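Notes follow the structure.
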Amino acid sequence: QVQLAESGGGSVQAGESLRLSCVASGRTLVTYYIMGWFRQAPGKEREFVGRIGWISDTYYADSVKGRFGISRDSAKNTVYLQMNSLKPEDTAVYYCAARLPGTTDSEYTYWGQGTQVTVSS
């Protein structure tokens, strides 16, 4: 069984930063899987934020490009989402997810429980 657990959410002011963590357990996922971050705001559909591949290649949604960064520490089986210059519209529950190489961003297999990020103006 594979588990993903996010942490690091909280309430901040606009312009501040947060770093979310996603720890994987059950298998060594971080190195060989593609790890993605998603978010869901109240009343909205889940939105893709970004991902990191097994060669540390990254890809971001236009809405966060230049402000958010994804990295990983394979020794800790952890993926990070560094969020800078936060805006009120970044308020959402943030989820990490994992999928196999060769699949698409609509085919994530494993999901965490989510962590709340609230940005006030």
Side-chain angles (χ1 to χ4, degrees):
Q1 188 70 21
V2 172
Q3 291 91 32
L4 299 176
E6 304 95 336
S7 63
S11 297
V12 296
Q13 298 287 321
E16 294 183 342
S17 299
L18 274 177
R19 188 178 78 161
L20 307 183
S21 300
C22 173
V23 179
S25 60
R27 295 187 61 181
T28 307
L29 290 180
V30 173
T31 301
Y32 300 109
Y33 280 59
I34 295 171
M35 303 297 295
W37 284 95
F38 291 76
R39 65 186 182 186
Q40 188 166 20
K44 295 187 177 180
E45 293 187 355
R46 187 170 59 198
E47 174 188 20
F48 171 79
V49 173
R51 56 168 148 80
I52 185 166
W54 69 280
I55 57 172
S56 294
D57 50 310
T58 54
Y59 178 82
Y60 301 97
D62 287 343
S63 58
V64 305
K65 198 174 296 182
R67 299 188 298 122
F68 289 12
I70 299 174
S71 61
R72 68 172 174 222
D73 184 335
S74 297
K76 296 181 179 180
N77 232 17
T78 300
V79 174
Y80 302 98
L81 177 65
Q82 178 67 44
M83 304 185 295
N84 300 323
S85 302
L86 282 162
K87 304 175 181 180
E89 51 263 44
D90 294 319
T91 295
V93 177
Y94 283 71
Y95 300 89
C96 71
R99 63 175 173 89
L100 289 169
T103 59
T104 69
D105 284 328
S106 63
E107 298 176 283
Y108 283 84
T109 306
Y110 305 107
W111 292 84
Q113 82 288 349
T115 185
Q116 176 71 46
V117 172
T118 303
V119 185
S120 56
S121 57

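Given the structure is predicted, the values throughout are model-derived calculations rather than measurements. Heads up: numbering here begins at 1 and tracks the sequence.
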Applying side-chain contact (heavy atoms from CB on, under 4.5 Å), run through L100 and I34 and close with a yes or a no. CA-CA 6 Å; L100 289 169; I34 295 171; over 6 Å; no

Given the rule in the side chain to side chain donor-acceptor pair (under 3.5 Å) test, do R39 and Y94 qualify, once you have shown the distances and angles that lead to the verdict? CA-CA 4 Å; R39 65 186 182 186; Y94 283 71; 2.9 Å; yes

Using side-chain contact (heavy atoms from CB on, under 4.5 Å), reason through E16 and V119 one step at a time and then give a plain yes or no. CA-CA 9 Å; E16 294 183 342; V119 185; over 6 Å; no

Mind running side-chain contact (heavy atoms from CB on, under 4.5 Å) on S17 and Q82 for me, showing each step along the way? CA-CA 7 Å; S17 299; Q82 178 67 44; 3.9 Å; yes

Under the criterion side-chain contact (heavy atoms from CB on, under 4.5 Å), I'd like the reasoning laid out for Y95 against T115: C-alpha separation, chi angles, the key distance, then a yes or no. CA-CA 7 Å; Y95 300 89; T115 185; over 6 Å; no

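Shown here for C22 and M35, the closest heavy-atom pair between the two residues is SG-CE, 4.3 Å.
Among Y110, Y108, W54, the single residue meeting the side chain to side chain contact (heavy atoms under 4.5 Å, CB included) criterion with Y33 is Y110.
Counting only residues at least two apart or on different chains, the salt bridge (charged side-chain N to carboxylate O under 4.0 Å, His left out) pairs with a member in residues 91-104 are R99-D105. Screening residues 111-121 for salt bridge (charged side-chain N to carboxylate O under 4.0 Å, His left out), with sequence neighbours left out, gives no hits.
Cluster membership for I52 and V23, using ILVMFWY side-chain heavy atoms within less than 4.5 angstrom, is not shared.
Shown here are the side chain to side chain contact (heavy atoms under 4.5 Å, CB included) partners of S85, two or more places apart in sequence or in another chain: R67. By the salt bridge (charged side-chain N to carboxylate O under 4.0 Å, His left out) test, D57 pairs with no residue at all, sequence neighbours left out. Residues forming a salt bridge (charged side-chain N to carboxylate O under 4.0 Å, His left out) with K65 (at least two apart in sequence, or on another chain): D62. With sequence neighbours excluded, no residue forms a side chain to side chain contact (heavy atoms under 4.5 Å, CB included) with E45.
The shortest side-chain heavy-atom distance between D73 and Y80 falls under the 4.5 Å cut-off.
Classified by interplanar angle (parallel below 30°, tilted 30° to 60°, perpendicular above 60°), the ring pair F38/W111 is tilted.
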